[in-house]
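What's counted below: heavy atoms across the whole structure, side chains too, no hydrogens, waters or symmetry copies.
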Amino acid sequence: LEKAKHQNLLVVLPPQMGKTYVACQLAEWYRGQDQLVAYTAPSVELCNQAARCLARQLPQAAVATVTGECRWEKEEWNKGCNGNDVIIATPECFRQALQSSWLNPGDIALFIFDECHHATGKSPMGIILKEHLHPSSHPPRLLALTSCPFPSRKRGRPGGNGAGHAAHAALVELEEIFRAELCWPQVANDAEEMIESPLQSKSWEKVHWDVDDYDASAVTQLLRSHWQSLSHMLGIGAQARDFRTMVDRMQKVLQQLGRDGLLHYIDHCCATQIREALDKNLKFEEKDKERALCDNMDMVEHRLKELVPSVKESAQNLPRVSGKALMLHHLLEGLGTERAVIFVKDAAVTLPLAAGIVENVGVMAEAYYAQRRDCAKILDDFRSGTLQVLVSTDALEEGLVLDCSWVVRFDHFTSTRSHVAGSGRGSRRILYFCNDPSAEIRRASELRSDAARIDAERDVRGKRQRLEVHVPEVKFAGSTGSIAPLDVEAKHYECQVDEKLMEIEQLELPGNARPTSMNC
């Protein structure tokens with residue numbers, strides 16, 4: 001906190017270990033000097049969570065929240081900057097305000113970036129920094145926060161040089177993007193504790209299930225034939241991505257959940273998810289393909305209803321519930337009064353899996369994915385205990401405080417960040433269906449250790465530099481007090497810059513002579 005008052009800082013801390021607390025305390029310090037604080041997070045839910053946290057910790061602060069749901073124009077930005085201590089907004093809202101000159105970088109004293117690993121490439125966070133904050137003649141102080149700075153997609157071989165250098169490269173990239181110094185407090189030594197709060201006790205478990213062996217080619221052929229027929233009726237609307245990928249989504253649902261999951265998806269979920277995606281795509285930009293599909297959605301929904309009996313007949317020899325889903329139901333029967341978040345890879349699986357849990361386990365479950373219309377209400381119901389299980393995509397993986405005991409990874413994930421961030425959502429039991437938890441824990445530890453080692457080596461190289469010292473004449477005061485010149489051969493010496501000490505080795509002084517001056 002003290003360092004962040006005087007320099008740009010990139011803070012890496014495990015989930016629920018105090019990043020937001022540091023942000024709140026720093027915001028309060030700037031508020032005491034009547035200076036504006038900007039806070040951005042990559043999703044509406046994270047922005048709303050930050051607003052609640054600031055209201056709880058800084059009750060005297062005036063805080064405004066700006067998201068795509070309540071976007072500001074020029075007049076609102078002018079009033080907001082003058083009438084608030086803290087403005088919280090999604091990166092895109094800040095980017096548009098800065099691009100339109102409704103917000104001046106010089107008016108912001110502190111800019112906080114939550115989940116700052118999203119600032120790479122041409123992301124809104126990255127554009128804010130590269131095009132607006134860094135070029136400003138009076139840039140704000142930056143505080144960047146993340147629980148895991150490692151790459152989200154590619155990762156090197158565990159324990160290999162590739163893994164360590166990839167992790168270190170991610171750290172260096174973020175340091176350069178934010179022009180900030182890395183601050184990674186050593187909160188724990190144990191490999192497991194490195195990715196969790198040391199105040200909590202967690203267990204990681206590998207789940208095994210009976211793999212299904214069946215031939216679904218007849219069902220797949222039926223789905224493709226029906227969708228091709230519907231495509232001819234839709235014309236240009238059939239070229240919309242959300243329509244073209246729907247058969248692939250149906251296949252994933254069948255593979256993951258079995259016959260009942262597929263039937264539920266076709267009958268109750270497919271049209272809903274297409275409509276939600278179209279609403280989002282058409283909200284800010286008119287697109288011919290999406291508009292044509294939107295205008296024909298009633299026909300699409302009707303044709304989906306007609307498809308259900310045919311699929312039911314064709315899939316009658318397939319398992320009603322997949323072995324994987326059956327094992328999940330069995331595990332959730334032991335949930336008791338605790339709450340669980342189940343992470344899946346595809347949004348298509350969320351709704352039918354949640355419905356299957358309600359039907360077969362008897363607990364209240366709901367689906368969560370980024371495009372769903374009622375996301376805020378679903379989160380509120382989960383936090384209040386109305387819902388006991390959330391089936392979610394990785395939209396809930398980062399940042400959100402959910403106060404749940406169980407985290408279930410139903411699908412395979414490919415990044416260490418998913419392991420670190422996802423595990424941080426649960427407080428007691430972490431269940432992996434596809435990944436090996438011990439391997440993931442070891443990989444996170446090795447990546448962190450390799451990155452720290454390489455960073456330490458870089459730090460030493462940066463702080464200790466080779467100086468070529470040429471001293472044509474050094475004056476020494478002898479025992480008699482007289483000043484006499486002494487020729488000294490030019491040599492190389494190492495300078496400890498951070499301690500501002502010069503270690504001069506191999507310099508032999510005559511007798512009791514002592515140096516009085518030297519030019520380097």
Side-chain angles (χ1 to χ4, degrees), residues 205-231 242-274 300-301 303-335 340 342-363 365 367 369 389 391-394 408-414 431-437:
E205 304 172 37
K206 179 70 171 73
V207 178
H208 301 276
W209 72 95
D210 294 330
V211 178
D212 302 306
D213 183 16
Y214 56 83
D215 182 9
S217 58
V219 176
T220 301
Q221 181 61 35
L222 173 64
L223 294 174
R224 293 197 180 282
S225 175
H226 189 87
W227 222 244
Q228 186 175 8
S229 174
L230 185 55
S231 298
D242 295 295
F243 181 86
R244 288 187 289 106
T245 59
M246 195 52 63
V247 172
D248 292 335
R249 298 182 196 180
M250 292 178 183
Q251 286 182 282
K252 290 176 181 177
V253 171
L254 175 61
Q255 180 184 13
Q256 293 277 57
L257 307 181
R259 183 183 69 220
D260 284 3
L262 175 61
L263 292 172
H264 181 88
Y265 183 68
I266 295 172
D267 199 12
H268 302 287
C269 313
C270 187
T272 298
Q273 290 194 334
I274 293 178
V300 171
E301 191 165 3
R303 294 280 294 180
L304 285 168
K305 296 289 184 182
E306 292 179 342
L307 178 60
V308 172
S310 300
V311 172
K312 190 172 183 178
E313 180 180 355
S314 178
Q316 59 183 347
N317 293 326
L318 302 183
R320 188 180 70 83
V321 181
S322 69
K324 191 176 184 182
L326 282 173
M327 176 54 69
L328 177 64
H329 296 165
H330 173 70
L331 290 168
L332 291 177
E333 288 173 355
L335 186 61
I342 302 168
F343 286 109
V344 298
K345 183 178 180 180
D346 301 295
V349 177
T350 58
L351 288 167
L353 180 55
I357 292 171
V358 173
E359 179 181 353
N360 296 288
V361 184
V363 300
Y369 47 91
V389 175
V391 181
S392 174
T393 61
D394 60 5
V408 181
R409 305 299 306 229
F410 195 64
D411 289 322
H412 182 265
F413 58 88
T414 59
L431 302 166
Y432 285 1
F433 270 73
C434 299
N435 295 66
D436 179 1

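Heavy atoms from other residues, nucleotides or ligands lying under 6.0 Å from CD of E205 number more than 12. For H268, the NE2 atom sits in a packed shell: over 12 heavy atoms of surrounding residues, nucleotides or ligands are nearer than 6.0 Å. When the shell of 6.0 Å around CD of E306 is examined, it contains more than 12 heavy atoms from other residues, nucleotides or ligands.
M327 has its side chain within reach of V207: a pair of non-hydrogen atoms, C-beta onward, lies under 4.5 Å apart. L262 places none of its side-chain heavy atoms less than 4.5 Å from the side chain of L318. Residues N360 and H330 are not in side-chain contact: their nearest non-hydrogen atoms beyond the backbone lie 4.5 Å or more apart. A 4.5 Å side-chain heavy-atom check between L431 and R409 finds every atom pair outside the cut-off. Between L353 and L328, the closest side-chain pair of non-hydrogen atoms falls below 4.5 Å. The shortest distance between side-chain heavy atoms of I266 and L223 falls below 4.5 Å.
The main-chain N or O of L263 is never found under 3.5 Å from a side-chain atom of D267 such that the two would form a donor-acceptor pair. The backbone N or O of S217 lies less than 3.5 Å from a partner atom in the side chain of D215, making a donor-acceptor pair. Side chain of R259 to main chain of Q316: a donor-acceptor pair is present (N/O by atom type, distance under 3.5 Å, no hydrogens or angles). Between the side chain of N435 and the backbone N or O of F413, at least one donor-acceptor pair lies under 3.5 Å. At distances below 3.5 Å, not a single donor-acceptor pair connects side-chain atoms of T350 with backbone N or O atoms of V391. Under a 3.5 Å cut-off, the side chain of H226 and the backbone N or O of R303 do form a donor-acceptor pair. Between the side chain of T220 and the main chain of A216, a donor-acceptor pair closer than 3.5 Å is present.
In terms of heavy-atom proximity, V253 sits nearest to A348 at CG2-O, 3.6 Å. Considering all non-hydrogen atoms of both residues, Q256 and V349 come closest at CG-CG2, 4.3 Å. Across every non-hydrogen atom of K206 and F433, the tightest pair is NZ-O, 2.8 Å. Nearest heavy-atom pair across A365 and A354 is CB-O, 3.8 Å. Closest approach of F410 and C434 over heavy atoms only: O-SG, 3.9 Å.
Not counting sequence neighbours, the partners of Q273 by the side chain to side chain donor-acceptor pair (under 3.5 Å) test are Y265.
The salt bridge (charged side-chain N to carboxylate O under 4.0 Å, His left out) test with K324 is passed by exactly one of D411, D212, D210: D411.
Relative ring orientation between F243 and W227 is described as parallel, the plane-to-plane angle staying below 30° on a 0-90° scale split at 30° and 60°.
Rounding to the nearest 0.5 angstrom, the gap separating the CG atom in D260 from the NZ atom in K312 is 8.5 Å. One finds the CG atom of L335 at 9.5 Å from the CD1 atom of I357 (value rounded to the nearest 0.5 Å). For the atom pair CG of L257 and NE2 of H264, the computed distance is 10.0 Å after rounding to the nearest 0.5 Å. F343 contributes atom CZ, which lies 5.5 Å from atom OG of S392 (distance to the nearest 0.5 angstrom).
Salt-bridge check for R249 with D242: passed, with a basic side-chain N closer than 4.0 Å to an acidic carboxylate O.
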